[in-house]
Amino acid sequence: MATTLRFCADVLTKKAEAVGDTTHYAIAQRAGVRESTISRLVAGRTVPTVATLFALADAYGIDIDHLVTGRVPRPADTVPAPRDCGERVPA
């Protein structure tokens with residue numbers, strides 16, 4: 001089943017509020033991005049670049065998958081083995 005990818009602003013804002021960042025300015029300062037970028041993301045007027053996703057994930061300790069799917073990541077011990085994509089690595 002395919003997963004729909006979209007920026008989950010509520011994941012970001014809840015995590016930000018948990019550490020005391022209650023304004024777009026505070027989120028932007030912590031992540032090192034423009035305040036206008038945060039405002040547009042939270043309002044749903046734009047999608048983040050990969051660089052912005054990494055900056056937000058790093059600043060707040062959020063898994064990127066959680067930011068774009070809204071799903072809480074599974075613990076590492078329950079992650080399924082990778083699928084064989086048909087690539088063969090020489091021995």
Side-chain angles (χ1 to χ4, degrees):
M1 181 168 93
T3 300
T4 301
L5 298 179
R6 62 176 175 73
F7 181 72
C8 299
D10 59 322
V11 171
L12 173 64
T13 55
K14 285 178 185 175
K15 189 70 167 186
E17 288 172 0
V19 297
D21 293 346
T22 58
T23 65
H24 294 169
Y25 178 79
I27 295 169
Q29 289 297 302
R30 185 179 297 267
V33 299
R34 292 180 173 183
E35 181 180 4
S36 61
T37 298
I38 300 301
S39 296
R40 289 191 318 270
L41 287 171
V42 171
R45 293 192 315 258
T46 191
V47 294
T49 64
V50 172
T52 299
L53 279 174
F54 273 99
L56 293 170
D58 185 53
Y60 289 101
I62 305 170
D63 188 76
I64 289 177
D65 185 52
H66 194 189
L67 278 174
V68 297
T69 65
R71 292 183 303 177
V72 176
R74 295 183 284 198
D77 61 343
T78 63
V79 175
R83 290 189 201 165
D84 180 6
C85 296
E87 296 179 15
R88 300 290 180 227
V89 178

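Worth knowing before you read on, the calculation uses all heavy atoms, side chains too, and leaves out hydrogens, waters and symmetry mates.
Screening residues 8-25 for salt bridge (charged side-chain N to carboxylate O under 4.0 Å, His left out) gives Asp21-Arg30 as the qualifying pairs, with residues at least two apart or on separate chains. Residue pairs meeting the salt bridge (charged side-chain N to carboxylate O under 4.0 Å, His left out) criterion with at least one partner in residues 34-61, sequence neighbours excluded, are absent.
Atom-to-atom distance recorded for Leu53:CG and Ile64:CD1 is 5.5 Å, nearest 0.5 angstrom. Here the CG-CD1 distance, from Leu56 to Ile27, works out to 8.0 Å after rounding to the nearest 0.5 Å. In this structure, Ser36 OG and Leu41 CG are separated by 9.5 Å, a value rounded to the nearest 0.5 Å.
Clustering ILVMFWY residues whenever any of their side-chain heavy atoms sit less than 4.5 angstrom apart, transitively, puts Val11 in the very cluster that holds Val19.
For the residue pair His66 and Arg71, the shortest heavy atom distance occurs at CD2-O, 3.2 Å. When all heavy atoms of Ala31 and Ala59 are compared, the pair lying nearest together is CA-CB, 3.7 Å. Here the closest non-hydrogen pair linking Asp63 and Asp65 is OD2-CB, 2.9 Å. Residues Val68 and Cys8 share a closest heavy-atom pair of C-SG, 4.3 Å.
In this structure Thr49 satisfies the side chain to side chain donor-acceptor pair (under 3.5 Å) test together with Thr52, sequence neighbours excluded. Taking Thr22 as the reference, nothing meets the side chain to side chain donor-acceptor pair (under 3.5 Å) condition, with sequence neighbours excluded.
Residue Phe7 is tested with Val47, Leu12, Thr46 for a side chain to side chain contact (heavy atoms under 4.5 Å, CB included); the sole match is Leu12.
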